[in-house]
Structures are given as C-alpha cells and as structure tokens.
Amino acid sequence: MKEKEAIMLALFLSYLVLITKGKYIRSIKKGANSSQFLIYRRVNKTIQMESGDIFDCIDVNLQPAFDHPLLKGHKIQEAGIEYRDDYMYGTRAIINVYEPKVKKDSKDLSASGLNINSGPEGGQADTIGAGYSVSPSLSGDGYARFHVAWDEGVLNKSCYDLTCPGFVQICHTFGLGGRLQPVSVYNGSQYVITILIFKDPNTKNWWLIWGEEKTPIGYWPHSLFTYLKDKGTYAFWGGHVSGPTASTDSPQIGSGHFASEGYSKAAFVKNIKIVDGNNTLVNPGDKKALAGSTSLSKFTVDGYEIDKDGMHTFYGGPGDLA
Ligand SMILES: *[C@@H]1O[C@H](CO)[C@@H](O)[C@H](O)[C@H]1NC(C)=O
Ligand SMILES: *[C@@H]1O[C@H](CO)[C@@H](O)[C@H](O)[C@H]1NC(C)=O
Ligand SMILES: *[C@@H]1O[C@H](CO)[C@@H](O)[C@H](O)[C@H]1NC(C)=O
Ligand SMILES: *[C@@H]1O[C@H](CO)[C@@H](O)[C@H](O)[C@H]1NC(C)=O
Ligand SMILES: *[C@@H]1O[C@H](CO)[C@@H](O)[C@H](O)[C@H]1NC(C)=O
C-alpha cells in the first residue's frame, strides 16, 4: 500500500527565548539533553512523504489484536495541568524523563506526557496521547518506555502503540514501547523528550512528531474518531497513575519527589503550547488552565506559570511509596 501524506511544515514555528519572570521558572528553562529511544519492532513497508523523505513503516495487517486490562476501567489520579478550550488542534510540550517506582508485582502504571481529548458531557471521550510510562506488568521491567495511546469514545475502546489497528507508524527509527535512555537523575543531569501532536488541516489526521528535529513518528487517522474528528476540547500535561492498586497503594509520579523541590529534583513539563485554528503554536490562555492534583498528600504541582515560552510546571510525588 503506497500512501502520501503531507506534513504542514508551516506549523513548526521557532519560538523566541525571552526574559522570564520568576527565578523558579528561569531554572526550569536550563538546557537539558534529550533522551532517545531505540529501534524496537520489525518494519517492512515504505512510504514516501511529499518532502521526498522515505520512511519504512509497519504493515497495518501485522499489528496484533491485543487488549490490555491496564487500559480499562481503572480510576486515574492525576497531577498536572488540565486545559479546556473549544478549539484545539494540537499541543507541544517538553517533558523530562524519570523512572518512577511502580511495584513489580502489581498491574499499576505511572505515566507522564500529554493528551488531547473531546467527548460528550459525562460520556466516553475520544482521546489521543503520548509520553513515557513505567508499567512492570506490561513490559516486565521498571524502565521508562515511550508509548502512544488512544481511546475511541463511541466504541469505548482503548489501545496503545501497535497493539490494535489505529495508529499508523511512519518512521522506523522510533520503536513504540522502546526504552528511553538516558533518564534524568535526581539532583543530577536532566533528560527531556519533546512531543508535538497536531491536526493536519488537509487530511484531518492527528500527527505525532518527535523531538527538536520534528521527526514524524506516525498519525491517528481522523476516521478512528467521532468527537476528535474536527478538533480537541480538552488537554492534559503531567503525570498520572492508574491500575488496580493505584489509588490505595499509589506508585510514584515523575522523580518520586514533590513539585516544590524544583529543578533537577522534581519532574517538569515546560514550553507547553497549543495549536490554534490558524495552525500556529500559541500560548495557552491562563483562564482555561487548571494546575492541580487529585491527592495532595501523594502528588503535587508547583511553579506553575505561563510566559512567552508557554506554560510550565513542576509536578509529581512519592505516592504511597515514602
Ligand atoms: C548535555 O550533555 C553534554 C555532553 O555529555 C554535557 O556536557 C552537558 O553538560 C549536558 N547538558 C545538560 C544540561 O545536562
Ligand atoms: C512484510 O513482512 C511480511 C511478514 O513477514 C511478509 O509476508 C511480506 O512479504 C513483507 N513485505 C515486504 C514488502 O517485505
Ligand atoms: C467501557 O468499558 C469499560 C471496560 O471494559 C466498562 O467498565 C465501562 O462500563 C464501559 N462504559 C460504557 C459506557 O460502556
Ligand atoms: C545535590 O547535589 C549537590 C551537589 O552535588 C549536593 O551538595 C547536595 O547535597 C545534593 N542534594 C541532595 C538533596 O541530594
Ligand atoms: C487567525 O489569525 C487571524 C489574524 O491574526 C485572527 O484574526 C484570527 O482570529 C485567527 N483565527 C483563529 C481561529 O485563531
């Protein structure tokens, strides 16, 4: 199957580094090196982009049917920033990577990243998201791995990576589910990932773009969705835990340290921007954002601010693992 997909390069605006307000946020902006992930899956299909670049990609028919219980029906505890906007066409953020502790014999997970959704009031939403998670029951280890995930609201169906048809992977150098390395060290070097999700105004598909180099990893076809067909109305950045014992015996989020510890000790998400109706990365509006946590004794949010570079916050905590 040959396919051509256009990527709107116009979207990829560079942004200015401007003077910041607080000392706190100045330190969040210190440079940090990027974390990378490795080739993980076999690929054997080739797609030519309009730009002329050729990417190998996975044959959709090879994607196994698999439905992991982790993804369904469990209450989520969130620390991070919630955002409501009637017209959202994507978001970009920089997230530092830690390996939060999750009990090895549990089916719990701890994830950090971003997602966009849209759905009926009180009903099942369409959601797309990307980020890292530690999930021993899924991967058999405690490493931070890069994942994409989505919910199809009308079908009440949740999937991640290539475990069921949906996400179309384009670039072979990025293995979904691959381990991220290196990861940040508490009170030491910080490593980040940069993720951009945006809706291509021509094809209406939702693209996932990796890194400062803006490498397309793949896309969610708009036909997967009902409520996300045209736009998103809600976004979240930060971390969450979920799973059978995630609320009673919570795993860590981020570094496992509270947000108030600040740069190099707490997890952060920074340079958050929204893609607006003009297909441009713009600053989020502060009245639409809500930074918080469902359980302040376990996880916190601190240093929340919006400035010219976008929105920033520290987040995370030890959960019930003191
Ligand atoms: C990034 O990595 C280089 C080379 O290892 C190192 O010299 C530099 O200090 C690192 N920067 C940060 C902010 O960690
Ligand atoms: C892709 O892999 C499948 C399964 O191994 C094989 O049947 C098919 O011929 C391969 N296609 C190409 C283009 O290599
Ligand atoms: C959606 O699926 C979950 C898990 O399979 C189930 O617990 C829940 O009741 C379903 N919701 C609806 C509205 O069907
Ligand atoms: C952080 O590192 C500095 C410099 O190595 C050290 O002086 C300090 O005690 C460390 N703090 C913590 C909380 O580990
Ligand atoms: C697009 O940009 C124009 C000109 O700056 C502005 O007037 C308009 O409100 C923008 N539309 C959206 C949907 O943001």
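Please read all numbers here as calculations on a predicted model, not as lab measurements. Whatever order the structure lists them in is the order used to number ligands and atoms, beginning at 1.
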Please determine, by modelled atom types, if W237 and T313 share a side-chain donor-acceptor pair under 3.5 angstrom.
-> no
Answer whether the closest heavy-atom distance between the side chains of M311 and N283 falls below 4.5 Å.
-> no
Atom 9 (O) of ligand 4: protein heavy atom closer than 4.0 Å?
-> no
Salt bridge between K157 and D151, side-chain N to carboxylate O under 4.0 Å?
-> no
Heavy-atom side-chain contact between T203 and N205 under 4.5 Å | yes
Is_contact(atom 4 (C) of ligand 4), protein non-hydrogen, under 4.0 Å | no
If you draw the axis of the six-membered ring of Y143, does the NZ or CZ of R179 fall within 45° of it and under 6.0 Å from the ring centre?
-> yes
Return yes or no for this condition: an N or O of K265 is under 3.5 Å from an N or O of ligand 4.
-> no
Would you verify that at least one protein heavy atom lies under 4.0 Å from atom 14 (O) of ligand 4, or report that none does?
-> yes
Of all protein heavy atoms, the one nearest atom 12 (C) of ligand 4 is N187 ND2, 3.1 Å
